[in-house]
Amino acid sequence: MTTESRLALVRRARRTNRELAVVHPDAHCELDFRSPLELLVATVLSAQTTDKRVNATTPELFARFPDAAALAGADREELEEILRPTGFFRAKARSVVGIGQALVERYDGEVPADLDALVSLPGVGRKTANVVLSDAFGVPGLTVDTHVGRLVRRWGWTAEEDPVKVESAVAGLIEKREWTIFSHRTIFHGRRVCHARTPACGACALAHLCPSSGVGEQDPVRAERLVKTS
(Lines give C-alpha, C1' and ligand atoms only; values in the text may rest on other atoms or scores of the structure.)
Protein backbone atom coordinates (compact mmCIF):
# COMPACT_ATOMS: atom_id res chain seq x y z
CA MET A 1 0.00 0.00 0.00
CA THR A 2 1.41 3.37 -1.05
CA THR A 3 1.34 6.12 1.57
CA GLU A 4 0.32 9.50 0.19
CA SER A 5 2.89 12.21 0.85
CA ARG A 6 1.90 15.50 2.43
CA LEU A 7 2.56 17.33 -0.83
CA ALA A 8 0.43 14.85 -2.76
CA LEU A 9 -2.40 15.25 -0.25
CA VAL A 10 -2.30 19.03 -0.54
CA ARG A 11 -2.37 18.81 -4.32
CA ARG A 12 -5.28 16.34 -4.28
CA ALA A 13 -7.23 18.45 -1.79
CA ARG A 14 -6.83 21.60 -3.88
CA ARG A 15 -7.72 19.75 -7.06
CA THR A 16 -10.83 18.44 -5.31
CA ASN A 17 -11.80 22.00 -4.41
CA ARG A 18 -11.27 23.13 -8.01
CA GLU A 19 -13.41 20.30 -9.35
CA LEU A 20 -16.09 21.01 -6.74
CA ALA A 21 -16.25 24.52 -8.20
CA VAL A 22 -17.14 23.01 -11.57
CA VAL A 23 -19.72 20.62 -10.11
CA HIS A 24 -21.34 23.23 -7.85
CA PRO A 25 -20.74 26.66 -9.42
CA ASP A 26 -23.77 28.08 -7.58
CA ALA A 27 -22.73 26.93 -4.10
CA HIS A 28 -23.72 29.43 -1.41
CA CYS A 29 -25.16 29.72 2.08
CA GLU A 30 -28.66 28.29 1.84
CA LEU A 31 -30.01 30.16 4.86
CA ASP A 32 -31.89 33.35 3.98
CA PHE A 33 -30.70 36.46 5.82
CA ARG A 34 -30.48 40.23 5.49
CA SER A 35 -28.15 41.03 8.39
CA PRO A 36 -25.55 39.42 10.65
CA LEU A 37 -28.20 39.04 13.37
CA GLU A 38 -30.58 37.22 11.05
CA LEU A 39 -27.82 34.85 9.91
CA LEU A 40 -26.71 34.24 13.49
CA VAL A 41 -30.21 33.34 14.65
CA ALA A 42 -30.99 31.30 11.53
CA THR A 43 -27.83 29.25 11.97
CA VAL A 44 -28.70 28.50 15.60
CA LEU A 45 -32.18 27.44 14.49
CA SER A 46 -30.77 25.17 11.76
CA ALA A 47 -29.55 22.58 14.29
CA GLN A 48 -31.35 19.24 13.78
CA THR A 49 -33.53 20.57 10.96
CA THR A 50 -33.26 21.69 7.35
CA ASP A 51 -32.36 25.10 5.98
CA LYS A 52 -35.66 25.06 4.09
CA ARG A 53 -37.57 24.67 7.34
CA VAL A 54 -35.59 27.52 8.92
CA ASN A 55 -36.19 29.75 5.87
CA ALA A 56 -39.92 29.08 6.17
CA THR A 57 -39.82 30.10 9.84
CA THR A 58 -37.58 33.16 9.99
CA PRO A 59 -39.76 35.64 8.05
CA GLU A 60 -42.41 35.53 10.77
CA LEU A 61 -39.75 35.49 13.48
CA PHE A 62 -37.95 38.60 12.25
CA ALA A 63 -41.16 40.43 11.40
CA ARG A 64 -42.20 40.03 15.03
CA PHE A 65 -38.73 40.41 16.58
CA PRO A 66 -36.61 42.50 14.20
CA ASP A 67 -33.59 43.29 16.38
CA ALA A 68 -31.60 42.14 19.39
CA ALA A 69 -33.65 44.20 21.83
CA ALA A 70 -36.88 42.70 20.56
CA LEU A 71 -35.48 39.19 20.86
CA ALA A 72 -34.20 39.93 24.36
CA GLY A 73 -37.68 40.93 25.50
CA ALA A 74 -39.60 38.31 23.54
CA ASP A 75 -42.58 36.60 25.11
CA ARG A 76 -41.33 33.05 25.57
CA GLU A 77 -44.59 31.30 24.68
CA GLU A 78 -45.05 33.37 21.53
CA LEU A 79 -41.45 32.76 20.48
CA GLU A 80 -41.69 29.02 21.12
CA GLU A 81 -44.83 28.80 19.00
CA ILE A 82 -43.06 30.50 16.08
CA LEU A 83 -40.04 28.22 16.42
CA ARG A 84 -42.02 25.01 16.97
CA PRO A 85 -41.64 23.80 13.33
CA THR A 86 -37.83 23.81 13.65
CA GLY A 87 -37.82 21.22 16.46
CA PHE A 88 -36.26 21.54 19.91
CA PHE A 89 -38.14 24.82 20.01
CA ARG A 90 -37.92 25.39 23.76
CA ALA A 91 -34.12 25.11 23.82
CA LYS A 92 -33.86 27.22 20.67
CA ALA A 93 -36.14 29.87 22.16
CA ARG A 94 -33.90 30.04 25.23
CA SER A 95 -30.83 30.46 23.03
CA VAL A 96 -32.45 33.14 20.86
CA VAL A 97 -33.59 35.17 23.87
CA GLY A 98 -30.17 34.70 25.47
CA ILE A 99 -28.44 35.87 22.29
CA GLY A 100 -30.62 38.98 22.19
CA GLN A 101 -29.91 39.75 25.84
CA ALA A 102 -26.16 39.19 25.49
CA LEU A 103 -25.95 41.38 22.39
CA VAL A 104 -27.84 44.20 24.10
CA GLU A 105 -25.82 43.96 27.31
CA ARG A 106 -22.35 43.48 25.82
CA TYR A 107 -22.34 44.75 22.23
CA ASP A 108 -24.94 47.54 21.99
CA GLY A 109 -27.29 45.19 20.17
CA GLU A 110 -24.86 44.50 17.33
CA VAL A 111 -23.40 41.14 16.30
CA PRO A 112 -19.62 41.20 16.88
CA ALA A 113 -17.30 40.23 14.03
CA ASP A 114 -15.05 38.28 16.38
CA LEU A 115 -14.83 34.52 16.86
CA ASP A 116 -14.25 34.55 20.62
CA ALA A 117 -17.07 37.02 21.17
CA LEU A 118 -19.46 35.00 19.03
CA VAL A 119 -18.80 31.67 20.74
CA SER A 120 -19.44 33.35 24.10
CA LEU A 121 -23.08 33.87 23.10
CA PRO A 122 -25.75 31.37 24.24
CA GLY A 123 -26.17 28.44 21.85
CA VAL A 124 -23.34 29.60 19.57
CA GLY A 125 -20.51 27.22 18.82
CA ARG A 126 -17.53 27.46 16.54
CA LYS A 127 -19.46 26.20 13.50
CA THR A 128 -22.13 28.88 13.88
CA ALA A 129 -19.49 31.54 14.52
CA ASN A 130 -17.64 30.61 11.33
CA VAL A 131 -20.86 30.78 9.31
CA VAL A 132 -21.53 34.30 10.59
CA LEU A 133 -17.96 35.51 10.16
CA SER A 134 -17.63 34.16 6.64
CA ASP A 135 -21.05 34.90 5.17
CA ALA A 136 -22.06 38.05 7.06
CA PHE A 137 -18.66 39.71 7.51
CA GLY A 138 -16.55 38.29 4.69
CA VAL A 139 -13.94 36.78 7.01
CA PRO A 140 -12.57 33.50 5.55
CA GLY A 141 -13.85 30.62 7.63
CA LEU A 142 -14.26 26.85 7.50
CA THR A 143 -17.69 25.64 8.52
CA VAL A 144 -17.33 22.06 9.70
CA ASP A 145 -20.85 20.66 9.85
CA THR A 146 -21.80 17.00 9.51
CA HIS A 147 -21.46 17.13 5.72
CA VAL A 148 -17.99 18.67 5.68
CA GLY A 149 -16.73 16.30 8.37
CA ARG A 150 -18.12 13.26 6.56
CA LEU A 151 -16.75 14.22 3.15
CA VAL A 152 -13.22 15.17 4.18
CA ARG A 153 -12.93 11.87 6.03
CA ARG A 154 -14.18 9.99 2.97
CA TRP A 155 -11.68 11.90 0.87
CA GLY A 156 -8.94 10.75 3.21
CA TRP A 157 -7.88 14.24 4.26
CA THR A 158 -8.16 13.43 7.96
CA ALA A 159 -9.41 10.70 10.26
CA GLU A 160 -10.38 13.17 12.99
CA GLU A 161 -13.96 13.22 14.28
CA ASP A 162 -13.73 16.35 16.44
CA PRO A 163 -14.90 19.35 14.36
CA VAL A 164 -12.17 21.64 15.68
CA LYS A 165 -9.48 19.13 14.69
CA VAL A 166 -11.14 18.63 11.30
CA GLU A 167 -11.16 22.40 10.80
CA SER A 168 -7.45 22.56 11.60
CA ALA A 169 -6.66 19.71 9.21
CA VAL A 170 -8.58 21.25 6.31
CA ALA A 171 -7.10 24.68 7.00
CA GLY A 172 -3.69 23.19 6.31
CA LEU A 173 -4.77 21.87 2.92
CA ILE A 174 -6.99 24.55 1.37
CA GLU A 175 -5.88 28.12 0.68
CA LYS A 176 -7.33 30.55 3.24
CA ARG A 177 -8.99 32.67 0.57
CA GLU A 178 -10.95 29.55 -0.47
CA TRP A 179 -12.15 28.48 2.98
CA THR A 180 -15.64 29.99 2.82
CA ILE A 181 -16.54 28.88 -0.69
CA PHE A 182 -14.94 25.47 -0.13
CA SER A 183 -17.28 24.95 2.83
CA HIS A 184 -20.30 25.83 0.71
CA ARG A 185 -19.21 23.59 -2.15
CA THR A 186 -18.61 20.66 0.18
CA ILE A 187 -21.95 21.12 1.95
CA PHE A 188 -23.68 21.25 -1.45
CA HIS A 189 -21.94 18.02 -2.46
CA GLY A 190 -22.80 16.31 0.81
CA ARG A 191 -26.46 17.24 0.52
CA ARG A 192 -26.81 16.38 -3.14
CA VAL A 193 -24.37 13.57 -3.99
CA CYS A 194 -22.23 12.18 -1.15
CA HIS A 195 -25.07 11.19 1.17
CA ALA A 196 -24.44 9.76 4.62
CA ARG A 197 -26.16 6.41 4.07
CA THR A 198 -25.85 5.74 0.34
CA PRO A 199 -23.50 8.06 -1.55
CA ALA A 200 -24.06 8.26 -5.29
CA CYS A 201 -20.53 7.14 -6.15
CA GLY A 202 -21.41 6.06 -9.69
CA ALA A 203 -22.62 9.60 -10.48
CA CYS A 204 -19.91 11.50 -8.60
CA ALA A 205 -17.54 13.65 -10.63
CA LEU A 206 -14.99 13.44 -7.81
CA ALA A 207 -14.81 9.63 -7.69
CA HIS A 208 -11.34 9.60 -9.28
CA LEU A 209 -10.04 11.72 -6.39
CA CYS A 210 -11.82 9.84 -3.60
CA PRO A 211 -10.26 6.82 -1.88
CA SER A 212 -13.71 5.91 -0.53
CA SER A 213 -15.30 5.72 -3.97
CA GLY A 214 -17.19 2.46 -4.01
CA VAL A 215 -18.78 2.62 -0.58
CA GLY A 216 -22.01 3.76 -2.20
CA GLU A 217 -24.04 2.96 -5.30
CA GLN A 218 -21.72 2.17 -8.22
CA ASP A 219 -24.19 1.67 -11.03
CA PRO A 220 -24.32 5.00 -12.91
CA VAL A 221 -28.05 4.83 -13.62
CA ARG A 222 -29.06 3.90 -10.08
CA ALA A 223 -26.54 6.37 -8.64
CA GLU A 224 -27.96 9.18 -10.75
CA ARG A 225 -31.36 8.56 -9.19
CA LEU A 226 -29.83 9.23 -5.78
CA VAL A 227 -28.54 12.67 -6.77
CA LYS A 228 -30.61 15.54 -5.42
CA THR A 229 -30.97 18.85 -7.19
CA SER A 230 -31.51 20.93 -4.06
Side-chain angles (χ1 to χ4, degrees), residues 26-139 141 143-150 163-164 180 183-184 186-188 190-192 195-197 228-230:
D26 58 339
H28 60 279
C29 177
E30 295 187 274
L31 288 169
D32 296 336
F33 67 97
R34 298 168 298 178
S35 68
L37 176 63
E38 289 192 358
L39 180 57
L40 173 61
V41 171
T43 306
V44 169
L45 297 181
S46 69
Q48 305 299 315
T49 191
T50 65
D51 288 357
K52 288 182 180 179
R53 175 60 65 186
V54 174
N55 290 339
T57 301
T58 49
E60 180 181 2
L61 173 67
F62 296 130
R64 179 64 185 86
F65 307 106
D67 53 33
L71 290 172
D75 177 81
R76 187 64 62 89
E77 289 187 3
E78 180 184 1
L79 182 58
E80 288 180 356
E81 192 58 34
I82 293 173
L83 300 184
R84 184 182 292 272
T86 69
F88 302 96
F89 58 93
R90 292 189 179 88
K92 290 178 180 180
R94 284 195 300 273
S95 292
V96 168
V97 170
I99 286 171
Q101 292 172 342
L103 292 178
V104 170
E105 292 169 4
R106 303 180 210 164
Y107 304 108
D108 297 322
E110 299 297 323
V111 176
D114 177 80
L115 181 65
D116 291 336
L118 285 167
V119 297
S120 74
L121 300 173
V124 178
R126 191 176 178 91
K127 184 200 81 171
T128 296
N130 274 326
V131 170
V132 174
L133 288 173
S134 58
D135 288 296
F137 293 111
V139 178
T143 299
V144 180
D145 69 352
T146 56
H147 299 292
V148 173
R150 179 176 74 253
V164 176
T180 299
S183 298
H184 291 318
T186 305
I187 291 169
F188 258 55
R191 287 175 173 169
R192 290 157 175 78
H195 311 301
R197 292 186 179 179
K228 298 180 180 179
T229 57
S230 62

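Computation of the quantities below employed the complete heavy-atom set of this structure, encompassing side-chain atoms and omitting hydrogens, waters and symmetry-equivalent molecules. Just so it is clear, the model here is predicted, and its values are computed rather than measured.
Side-chain contact check for Thr58 versus Leu31: every heavy-atom pair is 4.5 Å or farther apart. Between Arg94 and Pro122, the closest side-chain pair of non-hydrogen atoms is not below 4.5 Å. Side-chain contact between Leu45 and Leu61: present, with at least one pair of heavy atoms (C-beta onward) separated by less than 4.5 Å. Residues Val111 and Ile99 fail the side-chain proximity criterion, which asks for heavy atoms closer than 4.5 Å.
The nearest pair of heavy atoms linking Phe188 to His28 is CE1-O, 3.3 Å. In this structure, Ser46 and Asp51 approach most closely via the heavy-atom pair CB-OD1, 3.9 Å. When all heavy atoms of Val44 and Gly123 are compared, the pair lying nearest together is CG2-O, 3.8 Å. Of all non-hydrogen atoms in Asp135 and Phe33, the two that sit nearest each other are O-CZ, 3.6 Å. Of all heavy-atom pairs spanning Tyr107 and Leu121, the tightest one is CE1-CD2, 4.3 Å. Heavy atoms only, all atoms of each residue included: Glu80 and Ala93 are closest at CG-CB, 3.6 Å.
Judged by distance alone, the side chain of Asp108 and the main-chain N or O of Glu110 form no donor-acceptor pair under 3.5 Å. Remark: the backbone N or O of Glu30 is paired with a side-chain donor or acceptor of Asn55 at under 3.5 angstrom. In this structure, Ser183 contributes its side chain and Thr143 its backbone to a donor-acceptor pair below 3.5 Å. Under a 3.5 Å cut-off, the side chain of Lys92 and the backbone N or O of Leu83 do not form any donor-acceptor pair. No donor-acceptor pair closer than 3.5 Å links the side chain of Thr128 to the backbone N or O of Val124.
Within the structure, every pair that satisfies the side chain to side chain donor-acceptor pair (under 3.5 Å) test and touches residues 111-127, not counting sequence neighbours, is listed here: Arg106-Ser120, Arg126-Glu167.
Arg90 contributes atom CZ, which lies 12.0 Å from atom CG of Leu79 (distance to the nearest 0.5 angstrom). Asp75 contributes atom CG, which lies 9.5 Å from atom CD1 of Ile82 (distance to the nearest 0.5 angstrom). The distance from atom OG1 of Thr57 to atom CZ of Phe89, rounded to the nearest 0.5 Å, is 12.5 Å. The CD atom of Glu38 lies 4.5 Å from the CZ atom of Phe62; values are rounded to the nearest 0.5 Å. Interatomic distance, OG of Ser95 versus CG of Leu71, reported as 12.0 Å (0.5 Å rounding).
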Dump the intermediate steps for side-chain contact (heavy atoms from CB on, under 4.5 Å) on Val132 and Val139, then the final yes or no. CA-CA 9 Å; Val132 174; Val139 178; over 6 Å; no
Show the numbers, then the answer: is there a side-chain contact (heavy atoms from CB on, under 4.5 Å) between Asp67 and Leu103? CA-CA 10 Å; Asp67 53 33; Leu103 292 178; over 6 Å; no
Apply side-chain contact (heavy atoms from CB on, under 4.5 Å) to Phe65 and Val96, showing your working. CA-CA 11 Å; Phe65 307 106; Val96 168; over 6 Å; no
Residues His147, Arg191; criterion side-chain contact (heavy atoms from CB on, under 4.5 Å); working and verdict: CA-CA 7 Å; His147 299 292; Arg191 287 175 173 169; 3.5 Å; yes
